[in-house]
There are 2 protein chains.
Amino acid sequence: MFSQAEENYIKAIYALDTKANKGVSTNLIAEKMNTKASSVTDMLQKLADKRLVVYKKYQGAQLSIKGKKIATSVVRKHRLWETFLVNKLNFSWDEVHDIAEQLEHVKSETLIDKLDEFLDYPRVDPHGDPIPDKNGELLSIEKIVLATLKVNESGICVGVIDSSSDFLQFLDKQNIALGQKITVISKESFDDSITIKVGNRELSISQKIAHNLFIKTA
Amino acid sequence: MFSQAEENYIKAIYALDTKANKGVSTNLIAEKMNTKASSVTDMLQKLADKRLVVYKKYQGAQLSIKGKKIATSVVRKHRLWETFLVNKLNFSWDEVHDIAEQLEHVKSETLIDKLDEFLDYPRVDPHGDPIPDKNGELLSIEKIVLATLKVNESGICVGVIDSSSDFLQFLDKQNIALGQKITVISKESFDDSITIKVGNRELSISQKIAHNLFIKTA
DNA sequence: AATAATTTTTAGTCTTATCTAAAAAAATAT
DNA sequence: ATATTTTTTTAGATAAGACTAAAAATTATT
Ligand SMILES: [Mn+2]
Ligand SMILES: [Mn+2]
Ligand SMILES: [Mn+2]
Ligand SMILES: [Mn+2]
């Protein structure tokens with residue numbers, strides 16, 4: 001069994017590990033986890049001893065097969081709990097992250113299996129992120145960033161990149177939600193803002209926002 | 001906020017605190033928590049510093065008002081989660097204790113309020129134990145131990161004292177469950193066993209079992 | 001290629017929660 | 001009233017996980 005601290009580090013490495021065959025840097029992990037680089041080094045050595053991570057001094061960390069299994073299992077728990085909180089307990093999508101951050105560490109295989117069943121095997125969480133199945137597999141829907149859509153193109157909003165409370169509440173205020181059709185009306189080159197149609201409303205959003213929404217095109 | 005360790009100690013003291021105005025002894029707490037007496041002394045000193053416990057050397061510990069509030073709030077969480085696990089996730093009553101032992105430490109007022117609502121404000125948990133309300137109040141149903149019933153008397157089974165897996169599974173096997181009517185048919189003085197009628201079956205139970213079942217008489 | 005800046009690691013501390021062994025106090029027995 | 005036994009506390013260690021400050025390695029700049 002692994003400690004909450006270990007699970008959190010592994011999850012962070014999993015989330016930061018983008019480019020293949022390159023270790024995730026100590027500083028990146030430290031920033032993500034709000035700790036100091038020295039603490040990260042300590043933990044990486046411990047995780048390496050346990051073969052959860054491949055780590056060589058000054059070369060960052062990569063998850064081992066075993067480490068990756070733990071990562072997906074924690075992510076699975078996190079996203080299932082978020083789904084529970086929103087779908088069953090009527091939390092809104094901007095309130096659930098911190099609670100799921102705790103619930104994801106509860107130890108019980110059966111619990112998660114039963115929760116999965118209770119929720120009717122959801123494939124995505126309230127933020128549009130895929131939920132790994134029991135074997136760690138997750139379906140990857142092809143989705144693109146809204147900013148890349150051209151004028152007159154449209155698609156369905158299927159996810160957010162930034163899932164901070166602030167951003168999610170902003171989307172609520174603008175009545176932008178997952179599942180909605182979004183059409184690009186025009187693009188302003190002088191400030192990179194975009195005018196979109198959501199439902200029957202037109203609104204103008206900034207470049208930054210357009211870069212934080214995932215769209216699925218037909 | 002309090003650590004899991006602190007919450008567990010407080011809960012243990014709460015559970016062991018029976019006779020008024022007498023501190024709970026160090027050894028009793030140690031036994032309940034599977035730790036050593038010296039660890040308990042350490043923690044009692046810490047809890048006393050934080051005014052959660054009234055503690056004088058060699059005189060055991062008593063919860064302060066503040067300590068009692070924490071205790072009932074943790075018990076409330078424990079029992080609500082147990083209820084969730086049994087009523088919503090279809091766990092059986094002998095499987096939920098260890099999971100609730102973890103879930104009870106998740107920090108979020110709102111979470112527990114919403115869970116309470118989702119469960120429709122249950123008053124007792126799957127083992128018949130009362131669930132404290134938001135203010136820490138718990139309804140005390142008058143219930144007596146089955147062993148004290150006289151021949152021909154009857155009542156409804158409303159709780160268990162021992163809630164170990166072993167005992168609960170034994171009850172399942174005998175088809176004894178909460179809510180059932182139990183009538184005492186006869187008592188054997190040579191081994192203190194009792195013959196009872198449950199539903200339409202008669203069965204003989206030992207003294208020990210009769211001392212671990214709560215009955216509510218009309 | 002040498003120097004400067006940045007990143008990462010090491011060394012040493014701290015806190016929490018545990019333990020063992022020994023000392024002290026309280027309770028029990030003679 | 002002593003002596004013995006039991007309970008409780010203290011003293012000293014250990015492990016996990018964090019921190020600061022300093023040293024070492026790497027990367028970037030001239
Ligand atoms: Mn977490
Ligand atoms: Mn999410
Ligand atoms: Mn607990
Ligand atoms: Mn219970």
Side-chain angles (χ1 to χ4, degrees), chain A residues 1-13 16-19 21-63 67 70-71 74 101-102 104-107, chain B residues 1-13 16-19 21-63 67 70-71 74 101-102 104-107:
Chain A
M1 234 26 51
F2 306 98
S3 71
Q4 298 200 185
E6 288 169 329
E7 288 184 349
N8 284 336
Y9 274 97
I10 288 171
K11 196 161 63 108
I13 296 167
L16 294 170
D17 181 21
T18 46
K19 15 203 161 290
N21 238 27
K22 267 216 74 200
V24 179
S25 84
T26 304
N27 265 357
L28 248 189
I29 299 171
E31 192 184 359
K32 174 108 182 171
M33 304 206 44
N34 287 305
T35 53
K36 295 304 161 84
S38 56
S39 308
V40 174
T41 301
D42 272 2
M43 182 57 91
L44 290 183
Q45 287 167 345
K46 205 166 54 157
L47 293 177
D49 286 349
K50 296 195 181 184
R51 312 285 139 160
L52 302 178
V53 133
V54 179
Y55 164 72
K56 286 234 180 77
K57 270 190 193 183
Y58 297 101
Q59 313 211 170
Q62 276 185 293
L63 292 179
I70 295 166
V74 176
E101 205 59 43
Q102 301 176 64
E104 72 190 2
H105 302 293
V106 172
K107 259 79 181 170
Chain B
M1 233 27 50
F2 306 98
S3 72
Q4 297 201 184
E6 288 170 330
E7 288 184 349
N8 283 335
Y9 274 97
I10 288 171
K11 195 160 64 109
I13 296 167
L16 294 170
D17 181 20
T18 47
K19 12 201 164 294
N21 238 27
K22 267 216 73 201
V24 179
S25 83
T26 304
N27 265 357
L28 248 189
I29 299 170
E31 191 183 1
K32 174 107 181 172
M33 303 205 47
N34 287 307
T35 52
K36 295 304 161 86
S38 56
S39 307
V40 174
T41 300
D42 272 2
M43 182 56 92
L44 290 183
Q45 288 166 347
K46 204 167 55 158
L47 295 177
D49 287 348
K50 296 194 181 182
R51 311 287 138 157
L52 302 177
V53 133
V54 178
Y55 164 71
K56 286 235 179 76
K57 269 192 193 181
Y58 297 102
Q59 314 213 164
Q62 276 184 293
L63 292 178
I70 295 165
V74 176
E101 205 59 43
Q102 301 176 65
E104 72 190 4
H105 302 293
V106 171
K107 260 80 181 171

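- Applying the 6.0 Å contact sphere to NZ of A/Lys50 captures more than 12 heavy atoms from other residues, nucleotides or ligands.
- We find that CE of A/Met43 is positioned 8 Å from C1' of D/dA16, with the value rounded to whole Å.
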Which parts of nucleotides 8-13 of chain D does protein reach within less than 4.0 Å, heavy atoms only, written one letter per nucleotide 5' to 3' as B for base, S for sugar-phosphate only and - for none?
-> SBB---

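- Minimum interatomic distance between B/Glu7 and B/Lys107 (heavy atoms only, all atoms of both residues): OE2-NZ, 3.1 Å.
- Between the CE atom of B/Met1 and the P atom of C/dT15 there is a distance of 21 Å, given to the nearest Å.
- Atoms CG (B/Asn8) and C1' (C/dT18) sit 14 Å apart, rounded to a whole Å.
- Nearest-nucleotide assignment on DNA chain D puts the 5′-proximal partner with A/Ser3, out of A/Lys36 and A/Ser3.
- Residue A/Ile10 comes nearest to A/Gly67 through the heavy atom pair CG2-O, 3.5 Å, listed as atom of the first residue, atom of the second, then distance.
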Criterion side chain to side chain contact (heavy atoms under 4.5 Å, CB included) on B/Leu52 and B/Phe2, from CA distance to verdict = CA-CA 11 Å; B/Leu52 302 177; B/Phe2 306 98; 3.6 Å; yes

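- At the phosphate of D/dA18, OP1 or OP2 sits under 4.0 Å from a side-chain N or O atom of A/Tyr9.
- Taking atom CD of B/Glu31 as the reference point, atom P of D/dT7 lies 10 Å away to the nearest angstrom.
- Between B/Asn34 atom CG and C/dC19 atom C1' the separation is 14 Å, expressed in whole Å.
- The distance between atom CE of B/Met33 and atom P of C/dT16, rounded to the nearest whole Å, is 17 Å.
- Residues B/Tyr55 and B/Leu47 have side chains not in contact (no heavy-atom distance under 4.5 Å, counting atoms from C-beta outward).
- Atom CD1 of B/Ile13 is separated from atom CG of B/Leu44 by 5.5 Å, given to the nearest 0.5 angstrom.
- If you measure from atom CD of B/Gln4 to atom C1' of D/dA16, you get 15 Å, rounded to the nearest angstrom.
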